[in-house]
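These notes are about the structure you will find just below.
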Amino acid sequence: ILLPVSFLISLWRSGDLKYEIKTFPLKNISIVILLIYFLVALLDNRIFIPESIIRPINYFIKTYLYLFVGYTLVKSEKNWDSTARTLLQIFSIFAVYGTVTWILQTNPWYDFTSQVYGQETVWGESDRGYRTTSFLNNAIAYGIVMVTGTFTIWLYYQKHANRWNLILLVIIVANIFWANSRTGIVSFALAIVLYIILYNGLSGRTILSFMGVCIALVVAYFSMDFIRPVM
């Protein structure tokens, strides 16, 4: 909570807060989300004032406010390249270790921390097979993190295309499926659809792309055993 709040205070002290809010492209939807948080809290009979006011603000600060903080930090193409390059390194470390755990069908780091802190292993083997979590402790969250990483690195790869970046990108994408989370896989599919529409429009090329994705899903369903229970 302290990080985004202190950043807002620094913007206010420098006189830039009003301008940054005015130019923030996700301003309206952020306000709507905050109002929805308040509405949910007010309609939840388990929560009473002042918690019905404090909890939505607290949750908003720890989630969507970071979008605004990120927007104000990236002010040039050079800023974005530097940030994306750092994110590529971080996501790659997660993805490479995630791939190792998927090959081993066990997570030594998670087993170690579970023994140290006395926690039971929650993720791993399930009716859908092994679910990698890399350095996280939740396969669903890990799948979403890898989806975020994929599209961040894809935009970076388009500007800095080379074999090494492509290999890392493929490993990151693979970890969406190693996590074996329906939430991550569906989010990945929806993100691809949105990306194609936003960049190409509803053109013949877009329709062909959708048909290709559908064919790939059908092939995956009948040729990969672990895909069926996920679907």
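- A donor-acceptor contact closer than 3.5 angstrom is absent between the side chains of Asn180 and Tyr130.
- Partners of Lys62 by salt bridge (charged side-chain N to carboxylate O under 4.0 Å, His left out), not counting sequence neighbours: none found.
- The two atoms that bring Thr152 and Trp80 nearest to each other are CG2-CH2, 3.9 Å, heavy atoms only.
- From Ser52, atom OG reaches atom CG of Asp44 across 9.5 Å, with rounding to the nearest 0.5 Å.
- With hydrophobic clusters built from ILVMFWY side chains whose heavy atoms lie under 4.5 angstrom apart, Ile167 does not share a cluster with Val170.
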Practice problem: Applying side-chain contact (heavy atoms from CB on, under 4.5 Å), run through Ile140 and Arg131 and close with a yes or a no. | Solution: CA-CA 9 Å; Ile140 300 172; Arg131 304 178 67 182; 3.9 Å; yes

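- Residues Asn137 and Tyr142 bring no donor and acceptor atom of their side chains to less than 3.5 Å of each other.
- Contact of the Ile171 side chain with the Ser92 side chain is not registered, since no non-hydrogen atoms from C-beta on lie closer than 4.5 Å.
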Practice problem: Go through the steps for Phe188 and Met146 under the test side-chain contact (heavy atoms from CB on, under 4.5 Å), then give the verdict. | Solution: CA-CA 9 Å; Phe188 182 54; Met146 289 296 101; over 6 Å; no

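- Residues Asn175 and Ser134 bring no donor and acceptor atom of their side chains to less than 3.5 Å of each other.
- Expressed to the nearest 0.5 Å, how far OG of Ser30 lies from NZ of Lys27 amounts to 10.0 Å.
- If you run side-chain contact (heavy atoms from CB on, under 4.5 Å) between Phe91 and each of Ile153, Leu168, Val96, only Ile153 comes through.
- How far CD of Glu51 is from CD1 of Ile49: 11.5 Å, rounded to the nearest 0.5 Å.
- With rounding to the nearest 0.5 Å, the separation of CG in Leu65 from CG in Leu8 is 5.0 Å.
- Side-chain heavy atoms closer than 4.5 Å link hydrophobic residues (I, L, V, M, F, W, Y) into clusters, and following such links, even through other members, never connects Leu194 to Ile176.
- Using bins of under 30°, 30° to 60° and over 60° for the plane-to-plane angle, the ring pair Phe135/Trp109 lands in the perpendicular bin.
- Contact check for Leu67 versus Phe24: side-chain heavy atoms found under the 4.5 Å cut-off.
- Using cut-offs of 30° and 60° on the angle between ring planes, the pair Trp178 and Trp102 is parallel.
- Ser82 and Asn79 are not linked by any side-chain donor-acceptor pair at a separation below 3.5 angstrom, with hydrogens and angles left out of the test.
- Contact record, Asn162 with Trp164: OD1-N, 3.1 Å, taken as the closest heavy-atom pair.
- Both Val173 and Leu87 are part of a single hydrophobic cluster, where members link through side-chain heavy atoms under 4.5 Å apart.
- A distance of 5.5 Å separates CG of Asn165 from OH of Tyr156, quoted to the nearest 0.5 Å.
- In this structure, Leu136 and Ala141 approach most closely via the heavy-atom pair CD1-C, 4.2 Å.
- The closest side-chain heavy-atom distance from Ile53 to Leu42 is not below 4.5 Å.
- Judged purely by distance below 3.5 Å, without hydrogens or angles, the side chains of Thr23 and Tyr71 pair a donor atom with an acceptor atom.
- A continuous path of hydrophobic side-chain contacts links Tyr59 to Ile29 [ILVMFWY only; heavy atoms under 4.5 Å].
- Under a cut-off of 6.0 angstrom, the local environment of NZ in Lys75 is crowded, with over 12 non-hydrogen atoms contributed by other residues, nucleotides or ligands.
- Taking CD1 of Ile1 as the start and CG of Leu3 as the end, the distance is 11.0 Å to the nearest 0.5 Å.
- Between the side chains of Asp111 and Thr106, a donor-acceptor pair is found at a separation under 3.5 Å.
- A heavy-atom distance below 4.5 Å is found between the side chains of Leu155 and Gln158.
- Here the shortest heavy-atom pairing between Thr133 and Ala139 reads CG2-N, 3.5 Å.
- Within a 6.0 Å sphere centred on CZ of Phe60, heavy atoms belonging to other residues, nucleotides or ligands number more than 12.
- Shown are Leu39, Asn45, Val40, Ile47; of these, the side-chain contact (heavy atoms from CB on, under 4.5 Å) with Leu43 is made only by Leu39.
- The local environment of OH in Tyr19 is sparse, with at most 12 non-hydrogen atoms from other residues, nucleotides or ligands closer than 6.0 Å.
- In this structure the side chain of Tyr97 never reaches within 4.5 angstrom of the side chain of Thr132, judged on heavy atoms.
- Taking the side chain as every heavy atom from C-beta outward, Ile192 and Phe151 approach each other to under 4.5 Å.
- Note on ring orientation: taking the six-membered ring where Trp is involved, the planes of Tyr37 and Tyr64 are tilted (angle from 30° to 60°).
- You'll find the side chain of His160 reaches within 4.5 Å of the side chain of Asp81, heavy atoms only.
- Linking Ile, Leu, Val, Met, Phe, Trp and Tyr whenever their side-chain heavy atoms come within less than 4.5 Å leaves Val69 and Ile90 in two separate clusters.
- Within a 6.0 Å radius of CG in Leu198, more than 12 heavy atoms belonging to other residues, nucleotides or ligands are found.
- Using a 4.5 Å heavy-atom threshold, the side chains of Phe7 and Leu73 count as touching.
- Residue-environment remark: CD (Glu77) stays at or below the threshold of 12 foreign heavy atoms within 6.0 Å.
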